[in-house]
Amino acid sequence: MNVSEETVVVPVQTGTTIETTKPRPVAHQTTEAFKDIAFGSAAGIVGKFVEYPFDTVKVRLQSQPEHLPLQYTGPLDCFKQAIRRDGFLGLYRGISAPLAGAAIENSSLFLSYRLAQDFLQATLLPANEPLPLSALVTCGGVSGAVTSLVLTPIELIKCKMQVPPDGTTQYNRPGPLTLIASIYRREGLMGFWHGQLGTLIREAGGSAAWFGSYEGVSLFFRQIRDGKNAIRDEALPVYQQMLAGAAAGMSYNFLFYPADTIKSRMQTEESGQLTGGKRKFATVGKALWREQGLKGLYRGCGITVGRSAPSSALIFTVYESLRRGGFRPYAEDNHGISCNHSLASFLFMTSRSLSVEKVILDPRYKDLLALLKGLRNGAVYGTKVRFPHALVMVFLFRTGTLREKARIIFKATRQHARNLALFALTYKSSLLALKYVRPERKEAQYDTFLAGLIGGYTIFGRGIQSSVNQQIVIYIFARVVLALAKLSIAPRDPAVPGGGGLGLIRDEDGVISKRAWPIFASLSWASVMYLFRYHPDTLQPSLRSSMKYIYENADHWDCVRNFIWHNK
């Protein structure tokens, strides 16, 4: 991860040559920044899925009232109460803000960490001399301080969603947009940085320990293998990367945990319950110390340190694997500085030529461009599908002004397009992450299932489901049922990708294939008509509205006008 300058030969006007130190070109710096952002974001999202349930328990333990008795006796009791109250998925409540936060936090950490190294390398050390461990610790602290500025608003929303107000249920708790609007209305723009000092202390000190521990343990493994002349940039085996990442995560969380406890308490306090407005960092810290002592400042620390080990190990391993395996490194040839077969050539070619078509048709960039194309296609297809559907349904079944109807159409179209686009991006990013963490860089058979599971839960499965999301999932589910029915009678065939069918039912003469659809169609319509008559509330709203229009409203009229043209 240590980035150094290169020594190049530069001609001067006298005709002689001198050896000097010159930074890498702008194209390379832009490429490295792009890698830090892309790979750091992917690593952060993977780590967040692992650690989030434990983080929810940690925040709830930290945010207990200062008066006794405490609501939870410990992490296990908090887990039990949370699952009993909201179910296991309740532990993932509010994950949307942390997923964005994890992507932003890790991309910012890795980017600012590398830039801090570049600055120290260029100003304080001779060319090509590696940075000492103390300098890397300092760079880690700088990266944490920078990251705290963008992380505090996300942490604020996350903490408020993780700690439910007394007496609320999972169905009426405010969502992230509601919380954002409420904070801005009550406290203005600066209200989003409430708890900034706690986040700054935690991130600056924690990131110094995070990067310092990772670099120190990694260097220790290299010296065991190669002796004192070990090269810092040389890759480690995966298990050693994970051990170094685990040590980094535990150091990050333990050393500055009290600052995080005070920050969580500040961000979960309701301003309406306080006198004199929101309390300052020092005031909350003194109150916690006075009421609960050192133990109160470290409440939830055990579970936090425990979950940080696998999470941090994954973050560093995914980041390093993507950086080393996803693209070839920057290189220099006999003619000076050049961009070999790597992502750097993408930006270098773009800056040197306007022939964009050459770039987008180059197979070396297919994985990266496929993410952008998937995002675009999801948005376009969602718009094409939802807009005409919403237009017809709203004007047929909704009342209100033209402006109100237009707003409903726009909202439904935007949600459908956004969700399909985000699902495409999440799914394809998960596939790439799963592929690049393997040494052979190949997709396994069930990677598509795992990537779909991540995308389905992240985009469509969390929280209160809108009618748009329900329609999409029900549409998918109906097709899945039909596909599984076909697979159940298809014979197994190892020569076919996926192994052919399931072969559960023998249908050699094709009788089942011919009769299955009539039976399925008949039972489906019989069931939906029965449900509409006796249990209409169980049907999806748009289906219920259309059936009411066709079957129920047809029984009522009192004149020619509402018999032929309008319903009564």
Residue list, side chain to side chain donor-acceptor pair (under 3.5 Å) with Ser311, at least two apart or on another chain:
Glu51
Determine whether a donor-acceptor pair (N or O, by modelled atom type, separation under 3.5 Å) exists between the side chain of Ser107 and the backbone of Ile104.
yes
Under a 3.5 Å distance rule, please check whether Asp447 uses its side chain to pair with a backbone N or O of Glu443 as donor and acceptor.
no
Tell me whether Ser312 contacts the main-chain N or O of Ala248 through its side chain, where contact means a donor paired with an acceptor under 3.5 Å.
no
Can Glu203 and Thr147 be counted as having a side-chain donor-acceptor contact under 3.5 angstrom?
no
Test Leu450 against Ser430 for side chain to side chain contact (heavy atoms under 4.5 Å, CB included), laying out the working first.
CA-CA 8 Å; Leu450 293 174; Ser430 301; over 6 Å; no
Begin with the C-alpha distance, continue with both residues' side-chain angles, and end with the deciding distance and a verdict on side chain to side chain contact (heavy atoms under 4.5 Å, CB included) for Leu219 and Leu133.
CA-CA 9 Å; Leu219 185 59; Leu133 185 59; 5.7 Å; no
Looking at Ser41 and Ala103, what are the two nearest heavy atoms and their distance?
OG-O, 3.3 Å
Atom pair CZ/CD1 of Phe220 and Ile224 - distance to nearest 0.5 Å
3.0 Å
Over all atoms of both residues, closest heavy-atom pair of Val150 and Ser108
CG2-OG, 4.5 Å
Does any non-hydrogen side-chain atom of Ile454 lie less than 4.5 Å from one of Tyr427?
no
Gln415 side chain reached by Asn469 side chain, heavy atoms, under 4.5 Å:
yes
Heavy atoms only: give me the nearest Arg202-Tyr252 pair and the separation to one decimal.
NE-OH, 3.6 Å
Just so I know, are the side chains of Ile459 and Thr426 near enough to count as touching, which here means a heavy-atom distance under 4.5 Å?
yes
Quick one: are Phe192 and Ile180 in side-chain contact, heavy atoms under 4.5 Å?
yes
Contact check, side chains of Val46 and Ile315, non-hydrogen atoms, under 4.5 Å:
no
Across all chains, not counting sequence neighbours, the salt bridge (charged side-chain N to carboxylate O under 4.0 Å, His left out) partners of Lys428 are none
Would you call Pro153 and Trp193 a side-chain contact if the rule is heavy atoms closer than 4.5 Å?
yes
Rounded to the nearest 0.5 Å, how far apart are CG of Leu375 and NZ of Lys373?
12.0 Å
Does the side chain of Asn106 reach to within under 4.5 Å of the side chain of Phe39, using non-hydrogen atoms?
no
State the OG-CD1 distance between Ser429 and Ile45, to the nearest 0.5 angstrom.
6.5 Å
Which pair of non-hydrogen atoms, one from Leu109 and one from Ser207, has the smallest distance, and what is that distance?
CD2-OG, 3.3 Å
Ignoring hydrogens and geometry beyond distance, is a side-chain donor-acceptor pair present between Gln240 and Ser218 at under 3.5 Å?
no
Is there a donor-acceptor pair closer than 3.5 Å between any side-chain N or O of Ser148 and the backbone N or O of Ala145?
yes
Is it the case that the ring center of Tyr319 lies less than 6.0 angstrom away from the ring center of Phe110?
yes
Minimal non-hydrogen separation, Gly44 against Ala102, with atom names:
O-CB, 3.4 Å
Nearest heavy-atom neighbours spanning Ala43 and Val318
CA-CG1, 3.8 Å
One should read off an interatomic distance between Glu105 CD and Lys48 NZ, to the nearest 0.5 angstrom, of 6.5 Å
Between Leu372 and Arg376, is a side chain to side chain contact (heavy atoms under 4.5 Å, CB included) present by the stated rule, with each step listed?
CA-CA 6 Å; Leu372 301 177; Arg376 176 261 181 198; over 6 Å; no
Quick check: Tyr113 with Trp210 (ring centres under 6.0 Å apart)?
no
Phe211 and Phe316 aromatic ring geometry - parallel, tilted or perpendicular at 30°/60° bounds
perpendicular
Mind checking whether Glu215 and Val137 have side chains closer than 4.5 Å, heavy atoms only?
no
Check whether Arg225 reaches the backbone of Phe221 with its side chain - one donor and one acceptor, N or O, closer than 3.5 Å.
no
What's the verdict on side chain to side chain contact (heavy atoms under 4.5 Å, CB included) for Leu431 and Thr448, showing C-alpha distance, side-chain angles and the deciding distance?
CA-CA 7 Å; Leu431 277 182; Thr448 55; 4.2 Å; yes
How long is the straight-line distance from CD of Gln241 back to OG1 of Thr317, given to the nearest 0.5 Å?
5.5 Å
Mind checking the SG-CG spacing from Cys139 to Leu131? Nearest 0.5 Å is all I need.
6.0 Å
